Amino acid sequence: MSTKEDLAYIESKIRNIPDFPEKGIQFKDITTLLSDAKALRLTTQHLFNGIANSKPDVIVGLESRGFLFGTNLAEKLGVSFVPVRKSGKLPYKTLAQAYGLEYGTDKIEIHVDAISKGDRVIIHDDLLATGGTAKAATQLVEALGAKVIAYSFIIELDALGGRKSLPSESEIYSLIHY
Ligand code: AMP
């Protein structure tokens, strides 16, 4: 199958839930994609293809849906996986960063020893909306002396302009655009 057909298949398995978790939000539910074996395989394959030549040292996955494919991408690339989690979840010493969401505000954290100075990092999440979460994760990575070389998302909500808040020199790979 062509890439176009693959992406159309993946898109067909993303369920739109209007007004969740708040009125006015079109929530992109990927549980329907995960439960379809073919969509799961194609999503993994195309996320991998996007970043395969980037030569990262680390994949940083954002809680929680960024963990679903992030660990698998790290394993396929032969590099480490580092979780960025919501405040209070990580047990060791952390760095924290506050950020704004499409709905509400929050704080994310990373373990202080999870990334080394000079590491080349790819940040992965299921969806790029306003870019607040990915930007905060970028600030954490940079505070540890590493560099974000690329971003990987399954879905990008183009109208929210999230990519404008990310460093212009970094590549942004999104499979599906709404
Ligand atoms: P943002 O920081 O605005 O780019 O929001 C991205 C984060 O919020 C991701 O971790 C997404 O999982 C979640 N998110 C934001 N908007 C949506 C949406 N419309 N559907 C599903 N998840 C969303």
Side-chain angles (χ1 to χ4, degrees), residues 7-36 39-40 42-44 46-47 50-51 58-74 81-90 94-111 114-115 121-143 148-178:
L7 296 180
Y9 187 82
I10 293 168
E11 183 171 353
S12 75
K13 297 299 169 190
I14 297 168
R15 179 164 58 186
N16 190 68
I17 312 279
D19 299 324
F20 181 88
E22 285 180 13
K23 201 158 176 47
I25 302 291
Q26 299 290 326
F27 192 87
K28 303 300 177 194
D29 175 20
I30 61 161
T31 63
T32 37
L33 180 161
L34 297 168
S35 63
D36 184 280
L40 185 59
L42 291 176
T43 302
T44 305
H46 286 284
L47 285 173
I51 61 172
V58 181
I59 303 290
V60 165
L62 309 187
E63 181 165 359
S64 60
R65 290 182 293 272
F67 300 168
L68 297 167
F69 291 95
T71 40
N72 190 249
L73 288 172
F81 175 80
V82 170
V84 159
R85 299 210 60 185
K86 302 271 168 64
S87 191
K89 302 275 188 184
L90 288 171
T94 59
L95 269 186
Q97 181 67 50
Y99 66 107
L101 267 181
E102 188 185 1
Y103 37 88
T105 60
D106 226 328
K107 205 194 257 184
I108 51 173
E109 297 182 340
I110 193 167
H111 273 151
I115 293 177
V121 173
I122 294 180
I123 291 179
H124 168 74
D125 201 359
D126 67 326
L127 184 145
L128 178 66
T130 65
T133 316
K135 184 181 173 191
T138 304
Q139 289 169 307
L140 290 176
V141 168
E142 289 175 350
V148 180
I149 54 164
Y151 297 84
S152 153
F153 303 100
I154 304 169
I155 300 162
E156 180 171 347
L157 304 182
D158 292 343
L160 294 177
R163 59 170 56 222
K164 284 194 222 108
S165 62
L166 303 179
S168 56
E169 70 276 14
S170 308
E171 296 284 350
I172 302 171
Y173 301 101
S174 304
L175 300 185
I176 310 290
H177 293 262
Y178 290 96

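When reading the values below, keep in mind they use all heavy atoms of this one structure, side chains included, and skip hydrogens, waters and symmetry mates. For ligands, and for the atoms within them, numbers begin at 1 and follow the listed sequence. As the structure is a computational prediction, the values presented were derived from the model and not from experiment.
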**Ligand-side contact atoms (ligand 1) for residue partner Gly132, heavy atom cut-off under 4.0 Å** = 1 (P), 2 (O), 4 (O)

**Message:** For Arg65, which part has a heavy atom under 4.0 Å from ligand 1: side chain, backbone, both, or neither?
**Reply:** side chain

**Between Tyr151 and Ser174: side-chain donor-acceptor atoms closer than 3.5 Å** = no

**Request:** Look at the side chain of Thr130 and the backbone N and O of Gly132, then say whether any donor-acceptor pair between them is shorter than 3.5 Å.
**Result:** yes

**Prompt:** For ligand 1, is there an atom lying under 4.0 Å from some heavy atom of Gly131?
**Reply:** yes

**Prompt:** Which is it for Asp125 and ligand 1 at heavy atoms under 4.0 Å: side chain, backbone, both or neither?
**Reply:** side chain

**Note, Tyr178 side chain near Lys28 side chain (heavy atom, < 4.5 Å)** = yes

**Message:** Using a 4.0 Å cut-off to any heavy atom of Thr133, which atoms of ligand 1 qualify?
**Reply:** 1 (P), 2 (O), 5 (O), 6 (C), 7 (C)

**Fill in**
One finds that the ligand 1 atoms under 4.0 Å from a non-hydrogen atom of Leu157 are 19 (N)

**Message:** Applying salt bridge (charged side-chain N to carboxylate O under 4.0 Å, His left out), can you list everything that pairs with Lys135, at least two apart in sequence or on another chain?
**Reply:** none

**Request:** Give the numbers and elements of all ligand 1 atoms closer than 4.0 Å to a heavy atom of Asp126.
**Result:** 9 (C), 10 (O), 11 (C), 12 (O)

**Message:** Within this structure, what is the CZ-CG distance for the pair Phe67 and Asn72, rounded to the nearest 0.5 Å?
**Reply:** 15.0 Å

**Request:** Decide whether an N or O pair under 3.5 Å exists between Tyr99 and ligand 1.
**Result:** no

**Message:** Does ligand 1 come near enough to Ala129 that some N or O of the ligand is less than 3.5 Å from an N or O of the residue?
**Reply:** yes

Show which side-chain atoms of residues 122-129 pair as donor or acceptor with protein atoms under 3.5 Å away, not counting sequence neighbours.
unit_1, atom_1, unit_2, atom_2, d
His124, ND1, Ser152, O, 3.0
His124, ND1, Ser152, OG, 3.0
Asp125, OD1, Gly66, N, 3.4
Asp126, OD2, Arg65, NE, 2.6

**Prompt:** Between Leu160 and ligand 1, which residue portion shows a heavy-atom distance shorter than 4.0 Å: side chain, backbone, both, or neither?
**Reply:** neither

**Request:** Take Val58 and Phe81, measure what side chain to side chain contact (heavy atoms under 4.5 Å, CB included) needs, and give me the verdict at the end.
**Result:** CA-CA 6 Å; Val58 181; Phe81 175 80; over 6 Å; no

